[in-house]
Every structure is written in C-alpha cells, then in structure tokens.
Number of protein chains: 2
Amino acid sequence: MPERKPRKDAARNRAAVFAAADTLFAQCQSPEEVTMADIAAAAGVGKGTLFRAFGDRSGLIRALCEARLEPIRNAVEEGSPPLGPGTPPPERVPALLDAVLCFKFDHRHLALALEGTGADSPYRAEHYERWHALLRDLLEQIPGVTDSDFTAHALLAATRADLVAYLAGEKDVTREQLRLQLADFTAGILGTRARRGSAAEH
Amino acid sequence: MPERKPRKDAARNRAAVFAAADTLFAQCQSPEEVTMADIAAAAGVGKGTLFRAFGDRSGLIRALCEARLEPIRNAVEEGSPPLGPGTPPPERVPALLDAVLCFKFDHRHLALALEGTGADSPYRAEHYERWHALLRDLLEQIPGVTDSDFTAHALLAATRADLVAYLAGEKDVTREQLRLQLADFTAGILGTRARRGSAAEH
DNA sequence: AAAGATACGGACCGCTGGTCCGTATCGCAA
DNA sequence: TTGCGATACGGACCAGCGGTCCGTATCTTT
C-alpha cells in the first residue's frame, strides 16, 4: 500500500492552510481576490509548501471542499433517515438536495471557488460524480420520472453555487426561503406536490 | 443623443475582432487558452485597440455574445410563434428554453467563455436578466406553477453552458437527445407531460 | 489642403500561478 | 543521546497574463 503517514509538521501545516484558506475565502467577495500567496502568508507557511502539498490552486480548493464536505458525506452514506440509506427514494431525494443546498449556502465562498476553477470543472470533481450517481439511482426508483440521468443533472444545477450566491447576495433571498423554493421545485419534478413547511433540522 | 457613428476603420476592426475571437474560441478546448494577445494578433490588430473598443476581456466576450444572440433575441421579441409574442405560455416556455439550449449547444465555446467570466457573472449579464424576466412572466401565467421566479432560475440552470459542454463533450449526448431531455424536464415542471418527439426546426 | 478629432499599436507594467533548490526539520536506529 | 537519511520547508525566481499609455497614423470635415 502506498499510504504512508505524513510527517508531523506536514500535517500541522496542512491544517493551518485549510483554516487560513477558509477564513480568507469567507472574508472576500470573489474567490479570485484570494491569491495563493495570501493563503500561504495567512497560514504562516511558504508558497512552495502550499504547492507541494496540493499541486495547484484547484487542488487546494478541492481538498478543502472535500474536508468540509465529509460530515454530509458520512450522513448520506451511513447516517439515519431521511439522509441515510434505507430511506424511501421519494423522501430521500429532497433530503439530499436540501443537504446540498444548505452546504452551498453555508459555504458559498468555498463552493464558488470550487466551481469557478477551470472551465468545465464542476463536473470533473468527484463530488459531483458521486452525488449525481446517487441521485440518478434514487430517481430511477421513483415511478413517473423519465430520464433520471438528465433529471439528476438538472436538479443539481438548481443548486449551483453562483446561483445560490446571487440569490442570497443580490436578491436577499434567505436560507429558509431558498430551501422552501428548492423543495417545491423538487416536489414538482417528483410529482409529490402539496405539502408545505418542512424546513427544519440543519 | 450621445450616439455617434464610429470611424470606418474602427468598425472594420470591430468586425475583424469578432470573427477572430469566434474562430479562436471555437478551436480551443477551454476558453482560458485564448488570450487577448492571441485575439488581437489573429485579427491583425494591436492589443490597445482591442481594449479600447471593449474595455476588458469580459466586455469583448459580452459584446460578441450579444451580437451572436441577436437573431434569437429578435425571434423572441417580434418573431412568429412558438417563439414570438402572442404564443400561449404553456407552448412558449418550452420553445424559449429550447432556443436557449440550442444556442448554448451551437456556441458552447462562446457561452462557456461568457459564463466563466468573473465569479457570479452569468447572473450579472443583461442576457440573463432579460431571459429570466420573460420566463418568469410566462410562468406566472401558467396555473399550477408555484414560485415562478425561482422556477425560472432553475429551468435556466438546466441549460448552463458548462453542463451542456460536459454532456456533449464527455458523455457524448447529441444535440437532439439533449433537446428531448430538456423538453421532458420542462414538461414535468409545467404539468404538460405525455407528448413525445417534438424536436424539429432550428 | 490643412487641421482637429479619433483610433492605432506595441512597449511597458503589476501581479499571479507555479517552479526550484539550498537549508532546516523530522523520525528512526544505534 | 547522537547521528544520519529522508522528508518538508520557504522565498527568490520565472513566464505569461490582463491591462495601460502615449507618440504616431489615419480619418473626416470644411
């Protein structure tokens, strides 16, 4: 196995970089305002360290996202309903989308940085591949849903980071409003209309 | 009126730049590979000219998009059904989305460049504002559609340039497949399910 | 034809992501 | 504890980008 434990200072620096990047991205309006040199300086680390640890800018952002995403990932893979496995698809799909939306809202700076990396990057990230696959499989099990593959893409597109940031930042849409709107939209697709006011938890 | 006719050479250069940029974007995989200097050189023009005419990179791309988008814009504003005004909303909405999708597909390099400009740019462009407003108004007139504002955003999100490019480029989805998928998806939202095989024209 | 207005173009600048390698630190073995 | 190979550090350094500037060329008007 090529897995070897990292040196102590390396591990500490990695954490420091994550923390610094998180803070900087959260403070700035646009992710482009945060340079690699800024992050290195804020973390008290040399630029070389930063690039050796993560390869390049998008590597850093991806790693940071992955780290912050772990709780949700766990909740989905082995948590309890409605997010966890074993939940009936018509209930799990909205829960999943809601979780994604909440993440994108709460970490919009980070998500924005991730999706703004490269040209067609959002779809080359493993996150996306995973979530899309899961969502597709769930939709497959719901009668009345045609073309679950595209539908999964389209539903996820409704949670795009820049859309969320735009609605939250320019249009003053609140978190709960957004959640409700997405839930309604999803219900429309699934044929599960009617219900109201199911935005608790998180 | 502050509108003054431009000098002859200026007009010719403008056209030359548009042509050069179009070609270059179409040839390259990612829009980032095309530099301003490249465009200037291909157009047989100095870099200064380019920046004076369009302000900056995103200005160029926006202007180019606007130019290429004009036919559709006309068709929507004063064309004949199903795109033009006077068409009943349940028929016009899918037509509009189909037109947008076709444009994004046929000009994906350009659309990709546009959406990749800045951080939250896609939503600051006038295109988007216009199309969203129109779509919202149409949805408003369709009974059974809740929250037409968000729904309009979500539907447009399904036509995002990078998603289209990804599906077309990596997943080998054809133009007609995509059109059908989007039409189905739209029908689901509108409550107009059932029909099949309505991908002609364009 | 001549002058004023307008546009040209490429040298130039600041800054960014990314590289490189001499030096410091770590972990292990004796 | 000491010593030594392996690993990681850090900041000077580089190439390339978007964008600016201003002396010069071209147009337009009378």
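Please read all numbers here as calculations on a predicted model, not as lab measurements.
When the P atom of D:dC21 is taken as reference, atom CG of B:L50 falls 17 Å away, rounded to whole Å. The CD1 atom of A:I39 sits 16 Å away from the C1' atom of D:dG10 (whole-angstrom rounding). The distance from atom CZ of A:R52 to atom C1' of C:dC21 is 11 Å, rounded to the nearest whole Å. As a whole-Å value, the separation of A:D38 CG from C:dG17 P is 8 Å. The distance from atom NZ of A:K5 to atom P of D:dT7 is 14 Å, rounded to the nearest whole Å. We find that CZ of B:R12 is positioned 10 Å from C1' of D:dT26, with the value rounded to whole Å. As a whole-Å value, the separation of B:D9 CG from C:dA5 P is 17 Å. We find that CZ of B:F54 is positioned 14 Å from C1' of C:dC8, with the value rounded to whole Å.
Here the two rings, on A:Y128 and A:H153, have centers that are under 6.0 Å apart.
Taking the side chain of B:F51 as heavy atoms from C-beta on, and the options D:dC9, D:dG18, C:dG9, the nearest nucleotide is D:dG18. With distances taken from any side-chain atom of B:T35 to the nucleotides C:dT25, D:dG19, D:dG18, the minimum falls on D:dG18. Across D:dC9, D:dT7, C:dA11, the shortest atom-to-atom separation from the side chain of A:T49 is found for D:dC9. The nucleotide whose nearest atom lies closest to any side-chain atom of B:K47 is, among D:dC9, C:dG10, D:dC17, C:dG10. Proximity note for B:R57 (side chain, C-beta onward) versus C:dG17, C:dC8, D:dG18: the nearest is D:dG18.
When side chains are defined from C-beta on, B:L139 counts as touching B:L190, because their heavy atoms get closer than 4.5 Å.
Of the side-chain N and O atoms in A:N13, none sit less than 4.0 angstrom from OP1 or OP2 of D:dA8.
Checking B:M36 against A:G44, the closest nucleotide of DNA chain D that is more toward the 5' end is the one next to A:G44. When each of A:G48 and A:A37 is assigned the nucleotide of DNA chain C with its nearest heavy atom, A:A37 is the one assigned upstream, toward the 5' end.
Put simply, the side chain of A:K8 and the base of C:dG27 share no donor and acceptor less than 3.5 Å apart. For a distance-only test at 3.5 Å, the side chain of B:R7 fails to qualify as a donor-acceptor partner of the base of D:dT28.
Donor-acceptor pairing under 3.5 Å is lacking for the side chains of B:T49 and B:N13.
Residue pairs satisfying the salt bridge (charged side-chain N to carboxylate O under 4.0 Å, His left out) criterion with at least one member in residues 130-140 of chain A, sequence neighbours excluded, are listed as follows: A:E66-A:R130, A:R136-A:D149.
Taking the six-membered ring where the residue is Trp, B:F103 and B:H107 present parallel rings, their angle staying beneath 30° rather than reaching 60°.
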